Amino acid sequence: MPETRTTTVSQNSEGQYQVTVPRDLGDFFELKGKKLEWKAGSAKNKMEVIIHDE
């Protein structure tokens, strides 16, 4: 599995938050064209991302 990377979150003009997925993680999980589901994690400072193969 790729190393964990730190990225910066930005906010676009419509108020949505955006984050860039590092290429090695995107390639490893084959994210191109996939849908991601975002959830609150098990702690206050964690999020879960679930990859859907639709």
Side-chain angles (χ1 to χ4, degrees):
M1 171 159 332
E3 293 180 23
T4 302
R5 304 277 175 131
T6 301
T7 60
T8 301
V9 178
S10 61
Q11 192 170 17
N12 67 21
S13 61
E14 297 167 0
Q16 293 180 316
Y17 293 94
Q18 297 177 311
V19 63
T20 300
V21 176
R23 185 176 184 162
D24 56 349
L25 284 172
D27 290 346
F28 181 82
F29 289 107
E30 300 176 348
L31 292 181
K32 186 175 181 180
K34 305 260 175 89
K35 293 191 183 268
L36 301 179
E37 176 184 346
W38 300 81
K39 294 177 131 184
S42 58
K44 183 178 178 182
N45 64 343
K46 291 189 177 186
M47 293 190 312
E48 285 183 31
V49 177
I50 301 165
I51 303 165
H52 292 277
D53 292 324
E54 294 182 8

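Note that the numbering runs from 1 along the sequence shown for the chain. Just so we're clear, the structure is a prediction, and the values are computed from it rather than from any experiment.
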Student: Give every residue pair that meets the salt bridge (charged side-chain N to carboxylate O under 4.0 Å, His left out) criterion with at least one member in residues 7-23, sequence neighbours excluded.
Tutor: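 Listed by first then second residue: Arg23-Asp27.
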
Student: Looking only at heavy atoms, which two atoms of Val21 and Gly26 are closest? And how far apart?
Tutor: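 Heavy-atom minimum between the residues: CG1-N, 3.9 Å.
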
Student: What side-chain donor-acceptor pairs closer than 3.5 Å can you find for residues 29-40, not counting sequence neighbours?
Tutor:
unit_1 : atom_1 : unit_2 : atom_2 : d
Lys34  : NZ     : Glu30  : O      : 2.9
Lys34  : NZ     : Asp53  : OD1    : 3.1
Glu37  : OE1    : His52  : NE2    : 2.6

Student: Could you pull out all residues at least two apart from Thr20 that satisfy side-chain contact (heavy atoms from CB on, under 4.5 Å)?
Tutor: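 Checked Thr20 against side-chain contact (heavy atoms from CB on, under 4.5 Å); zero matches.
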
Student: Please identify each residue that fulfils side-chain contact (heavy atoms from CB on, under 4.5 Å) with Gln18, with sequence neighbours left out.
Tutor: Ser10, Asn12

